[in-house]
Asker: 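Structure in structure tokens, see below.
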Amino acid sequence: MRPHSNRFIASTFSTLLTLSLSVAAADQPAPPPAGYKLLYEQKCDLAAALKDFVFTDPKAWRFSPDDRAPALELFQQSDYNPASRSPFNIALVADKVFGEFILEADLLSTKEPYPHQDMCLFFGAQDPAHFYYVHMAVAADPHAHNVFIVNNAPRLAIAKETTKGITWGLNQWHRVKLERKLGDSSIKVYFDDMTRPIMIAADKTFGAGYIGVGSFDDIGKVKNIRIQGPTMETKKTEFFSRPKPAR
């Protein structure tokens with residue numbers, strides 16, 4: 001074998017090894033920022049994960065034991081009527097109150113694509129009439145694809161910057177991230193690309209509160225929930241319903 005062939009093989013092997021290590025590193029969760037730590041993690045790979053949440057309607061959620069991607073599934077519309085126009089399908093992490101945080105999760109929509117096809121992230125929740133939520137939809141309009149506040153009144157869009165929408169597809173997993181800082185009241189939302197936010201907002205109406213996932217009025221799945229932040233308070237969630245224990 002000629003010397004230059006050996007050099008080519010060695011160079012190719014080195015390139016492949018670098019790419020392999022890069023892919024492996026990309027699959028690992030990002031380390032927390034300075035002063036942050038992992039406060040909560042739920043992979044949603046066991047039916048017992050349902051016990052971690054309170055729901056607007058526990059009967060609308062179930063464990064989906066997919067061999068390739070087990071998850072919690074919102075499989076039907078919740079039997080729930082909010083006092084003001086706001087999402088119907090909410091699952092909040094129970095008994096944990098977060099102030100400043102980074103929330104990451106994998107979300108999948110099982111709804112046939114249409115302009116308002118959505119999944120949502122909830123945060124700063126004080127009670128059923130006071131909270132923020134991120135509505136990620138295919139097409140943006142005054143009632144879709146924005147950061148909203150529900151303050152004892154119909155939801156109000158508060159984002160300063162948004163994109164024209166995102167593509168959920170059907171039965172396709174997507175990585176989302178929500179960053180909330182209390183110091184400057186900033187809110188940033190990321191979808192698949194963790195380097196460029198799809199929404200930016202700022203609001204200080206609500207401070208620390210409960211965090212959750214769901215949809216306005218669609219269906220979908222969630223897994224690999226991670227919440228990082230400086231601190232977390234343990235406080236019993238007195239609203240919404242908990243799933244009944246299996247007999």
Side-chain angles (χ1 to χ4, degrees), residues 56 74 77-78 80-92 98-169 172 174-182 184-222 225 227:
T56 48
L74 169 62
Q77 188 69 242
S78 295
Y80 175 70
N81 293 306
S84 301
R85 183 64 173 163
S86 57
F88 299 94
N89 306 302
I90 304 174
L92 297 179
F98 303 89
E100 185 165 308
F101 66 85
I102 297 175
L103 164 65
E104 297 172 283
D106 293 333
L107 301 179
L108 174 151
S109 174
T110 53
K111 179 74 174 182
E112 290 288 341
Y114 76 110
H116 276 197
Q117 180 190 17
D118 82 275
M119 293 292 284
C120 295
L121 301 174
F122 301 87
F123 63 104
Q126 312 297 306
D127 56 49
H130 301 85
F131 59 92
Y132 298 106
Y133 72 95
V134 175
H135 185 274
M136 293 168 285
V138 173
D141 65 34
H143 300 126
H145 197 65
N146 208 305
V147 180
F148 292 87
I149 184 172
V150 177
N151 192 8
N152 203 32
R155 84 290 204 206
L156 176 67
I158 60 172
K160 298 186 293 184
E161 298 179 27
T162 67
T163 59
K164 294 181 179 180
I166 48 88
T167 301
W168 284 108
Q172 298 175 6
H174 298 275
R175 189 67 174 169
V176 299
K177 180 171 71 172
L178 168 61
E179 295 182 356
R180 203 296 172 82
K181 293 185 178 180
L182 295 181
D184 60 5
S185 70
S186 64
I187 300 163
K188 295 182 180 179
V189 184
Y190 300 80
F191 185 89
D192 285 341
D193 181 354
M194 298 293 109
T195 65
R196 181 178 299 178
I198 61 169
M199 302 178 198
I200 298 176
D203 191 89
K204 55 185 178 182
T205 304
F206 306 134
Y210 299 96
I211 288 176
V213 296
S215 171
F216 197 102
D217 54 5
D218 286 343
I219 50 178
K221 297 181 180 181
V222 58
I225 301 171
I227 304 175

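We count residues from 1, following the sequence as given.
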Asker: May I ask you to say whether Asp192 pairs ionically with Arg175, meaning some side-chain N is under 4.0 Å from a carboxylate O?
Answerer: no

Asker: Answer yes or no: are there more than 12 heavy-atom neighbours, outside Lys177 itself, under 6.0 Å from its atom NZ?
Answerer: yes

Asker: Can you tell me if Asp118 and Ser215 form a side-chain donor-acceptor pair at under 3.5 Å?
Answerer: yes

Asker: Are Thr167 and Val138 packed together at the side-chain level, in the sense that at least one heavy-atom pair is separated by less than 4.5 angstrom?
Answerer: no

Asker: Just checking, any donor-acceptor pair under 3.5 angstrom between side chains of Asp218 and Gln117?
Answerer: no

Asker: Between atom CG of Leu107 and atom CZ of Phe191, what is the distance when rounded to the nearest 0.5 Å?
Answerer: 8.0 Å

Asker: Any side-chain heavy-atom pair from Ile200 and Ile187 closer than 4.5 angstrom?
Answerer: no

Asker: Is any side-chain heavy atom of Ile211 less than 4.5 Å from a side-chain heavy atom of Leu92?
Answerer: no

Asker: If you take all heavy atoms of Ala139 and Ala144, which pair is closest and at what distance?
Answerer: O-CB, 3.6 Å

Asker: Which pair of non-hydrogen atoms, one from Pro82 and one from Pro87, has the smallest distance, and what is that distance?
Answerer: CG-O, 4.2 Å

Asker: So that I can tick it off, tell me whether Glu179 and Lys181 are bridged by a salt bridge, with the cut-off set at under 4.0 angstrom between side-chain N and carboxylate O.
Answerer: no

Asker: For Phe148 and Ala157, work out which heavy atoms get closest and say how close.
Answerer: CD2-N, 3.5 Å

Asker: Would you say the side-chain atoms of Asp193 pair up with the backbone N or O of Thr195, donor to acceptor, closer than 3.5 Å?
Answerer: yes

Asker: Are Ile149 and Arg155 side-chain neighbours, meaning at least one heavy-atom pair lies under 4.5 Å?
Answerer: no

Asker: Taking C-beta and beyond as the side chain, do His130 and Asn152 meet within less than 4.5 Å on heavy atoms?
Answerer: yes

Asker: Checking side-chain polar atoms at under 3.5 Å, does Asn89 have a donor or acceptor matched by the opposite partner on Ser78?
Answerer: yes

Asker: Looking only at side chains, do His145 and Thr162 share a donor and an acceptor under 3.5 Å apart?
Answerer: no

Asker: Apply side chain to side chain contact (heavy atoms under 4.5 Å, CB included) to residues Met136 and Val176 and explain how you reach the verdict.
Answerer: CA-CA 10 Å; Met136 293 168 285; Val176 299; 3.9 Å; yes

Asker: Measuring only between side-chain heavy atoms, which start at C-beta, is Phe216 closer than 4.5 Å to Met119?
Answerer: no

Asker: Which heavy atom in Tyr80 sits nearest to a heavy atom in Pro128, and how many Å separate them?
Answerer: OH-CB, 3.7 Å

Asker: With side chain to side chain contact (heavy atoms under 4.5 Å, CB included) as the test, would you mind laying out the steps for Ile102 and Ile227 before giving the verdict?
Answerer: CA-CA 6 Å; Ile102 297 175; Ile227 304 175; over 6 Å; no

Asker: Could you check Tyr114 against Trp168 for ring-ring contact (aromatic ring centres under 6.0 Å, His included), going step by step and ending with a plain yes or no?
Answerer: CA-CA 10 Å; Tyr114 76 110; Trp168 284 108; over 10 Å; no

Asker: For the aromatic rings, using the six-membered ring if either is Trp, is the centroid distance between Phe123 and Tyr132 under 6.0 Å?
Answerer: yes

Asker: Hey, what do you get for CG (Leu156) to OG (Ser84), rounding to the nearest 0.5 Å?
Answerer: 12.0 Å

Asker: Quick one: are Asp106 and Val222 in side-chain contact, heavy atoms under 4.5 Å?
Answerer: no

Asker: Closer than 3.5 angstrom, by distance alone: can the side chain of Gln126 be matched with the main-chain N or O of Gly124 as a donor-acceptor pair?
Answerer: yes

Asker: For the atom pair NZ (Lys221) and CG (Leu74), what is the distance rounded to the nearest 0.5 Å?
Answerer: 11.5 Å

Asker: Minimum heavy-atom separation for Ser86 and Phe131, please, with both atom names.
Answerer: CB-CZ, 4.1 Å

Asker: If we ignore hydrogens and angles and just use 3.5 Å, is the side chain of Thr56 paired with the main-chain N or O of Ile90 as donor and acceptor?
Answerer: yes

Asker: Stepwise, does the side chain to side chain contact (heavy atoms under 4.5 Å, CB included) test hold for Arg180 with Glu100?
Answerer: CA-CA 5 Å; Arg180 203 296 172 82; Glu100 185 165 308; over 6 Å; no

Asker: First locate atom CD of Gln172, then atom OG of Ser109, and finally report the distance between them rounded to the nearest 0.5 Å.
Answerer: 9.5 Å

Asker: Looking only at non-hydrogen atoms, find the nearest pair between Ala201 and Ala159 and report the distance.
Answerer: CB-CA, 3.7 Å

Asker: State the NZ-CG distance between Lys164 and Asp141, to the nearest 0.5 angstrom.
Answerer: 14.0 Å

